Amino acid sequence: MTNPDKQELVDRRYLRMARIWAENSYCTRRKVGALLVKDRMIISDGYNGTPTGFENNCEDEEGNSKAYVLHAEANAITKVARSSNNSDGATLYITASPCLECAKLIIQAGIKRVVYGENYRLSDGIDLLKRAGIETLCLPVD
C-alpha cells in the first residue's frame, strides 16, 4: 500500500478499533486499547488491566494505578508471544503513546511502526522509538 491517503484511512480505522477495544478495560482513570497488525491482519490485541487471575480493579483506594497493572501494548505483545505468530515488522495501533517501559518492549518485539491517537504525559517512550528507527505517527481523534 503506497498511497499515503489510503494508508492514513487504514491507520484511522485501526485506531478507531483500538479505541473500541479499550472499552474492555476495567481501569477507571484511563482506558487504553492496542492492536497489533501484520500483513493487513490483526494478530493480537490488548487493553490496560491487571494480570490474568487478578481482580479486575486497576486503581487503589486513592485512585492511583496499581503497580502491577499491565499497559495495553504490553498485553498485546505478550499475547502474540504466546501464539504461533510473531510481531516482527508489525504495526502497533494504540490509543495513547507508549511509556518508556512499553517502548522497550516494542523495540524488542520487532515492531516497525507505531500509530497512536494521543500523547501520553511523558514523551520519553516516543523519543526512544524514534532513536531506534521505529516510525511513529500521531493521528488525533477526528
Side-chain angles (χ1 to χ4, degrees), residues 1-60 63-142:
M1 187 180 303
T2 56
N3 182 334
D5 293 333
K6 188 173 181 183
Q7 183 62 57
E8 183 177 333
L9 284 173
V10 170
D11 288 343
R12 287 189 181 280
R13 285 181 187 130
Y14 281 123
L15 261 181
R16 281 197 307 272
M17 292 170 69
R19 281 194 290 276
I20 290 168
W21 200 244
E23 295 172 12
N24 288 314
S25 174
Y26 287 91
C27 296
T28 55
R29 281 184 355 138
R30 178 179 230 176
K31 296 177 183 295
V32 180
L35 294 177
L36 259 175
V37 176
K38 184 175 176 178
D39 300 325
R40 296 183 307 216
M41 291 187 312
I42 297 171
I43 60 168
S44 190
D45 53 58
Y47 51 87
N48 55 329
T50 56
T52 303
F54 282 62
E55 75 291 344
N56 289 323
N57 188 352
C58 300
E59 291 86 12
D60 62 20
N64 299 312
S65 289
K66 294 178 179 176
Y68 52 85
V69 168
L70 290 158
H71 290 184
E73 55 271 58
N75 267 325
I77 291 168
T78 55
K79 187 186 271 189
V80 79
R82 294 180 67 178
S83 75
S84 60
N85 216 327
N86 68 71
S87 54
D88 196 37
T91 296
L92 175 68
Y93 293 91
I94 184 158
T95 57
S97 61
C99 70
L100 183 63
E101 292 302 311
C102 288
K104 291 188 261 183
L105 291 175
I106 291 165
I107 294 165
Q108 290 302 98
I111 295 166
K112 296 299 179 205
R113 191 165 175 264
V114 176
V115 180
Y116 58 98
E118 64 183 54
N119 286 305
Y120 179 62
R121 61 183 170 83
L122 302 173
S123 65
D124 51 359
I126 291 296
D127 296 340
L128 186 65
L129 293 177
K130 288 178 180 176
R131 183 175 169 197
I134 295 173
E135 179 186 348
T136 61
L137 176 62
C138 181
L139 287 177
V141 175
D142 296 332

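Since the structure is predicted, the reported quantities are computational estimates derived from the model, not experimental observations.
Pairing each heavy atom of R12 with each of P140, the nearest pair is NH1-O, 3.1 Å. Between A74 and L70 the shortest heavy-atom distance is CB-CD2, 4.5 Å. Nearest heavy atoms, S87 versus A109: OG-O, 2.7 Å. Between I94 and E73, the shortest heavy-atom distance links the atoms CD1-OE1, 2.9 Å. Residues A18 and L35 share a closest heavy-atom pair of N-CD1, 3.8 Å.
Residue E118 qualifies as enclosed at atom CD: its count of foreign heavy atoms under 6.0 Å is above 12.
The closest side-chain heavy-atom distance from C58 to R29 is not below 4.5 Å. Residues V115 and T91 form a side-chain contact, since some pair of their non-hydrogen atoms from C-beta on lies under 4.5 Å apart. Side chains of L129 and P98 form a contact here, defined as non-hydrogen atoms less than 4.5 Å apart.
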### Task
Dump the intermediate steps for side chain to side chain contact (heavy atoms under 4.5 Å, CB included) on I111 and I77, then the final yes or no.
CA-CA 9 Å; I111 295 166; I77 291 168; 4.0 Å; yes

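Checked by atom type and distance alone, the side chain of T95 pairs as donor or acceptor with a backbone atom of G33 at under 3.5 Å. Side-chain atoms of S97 do not come within 3.5 Å of backbone N or O of N119 as any donor-acceptor pair. Checked by atom type and distance alone, the side chain of N75 never pairs as donor or acceptor with a backbone atom of A72 at under 3.5 Å. Counting only distance, with no hydrogens or angles, the side chain of K66 and the backbone of N57 share a donor-acceptor pair below 3.5 Å.
Considering CD1 of I126 and CG of L137, their distance stands at 10.0 Å, rounded to 0.5 Å.
With no hydrogens or angles considered, a side-chain donor-acceptor pair links Y93 and D11 at under 3.5 Å.
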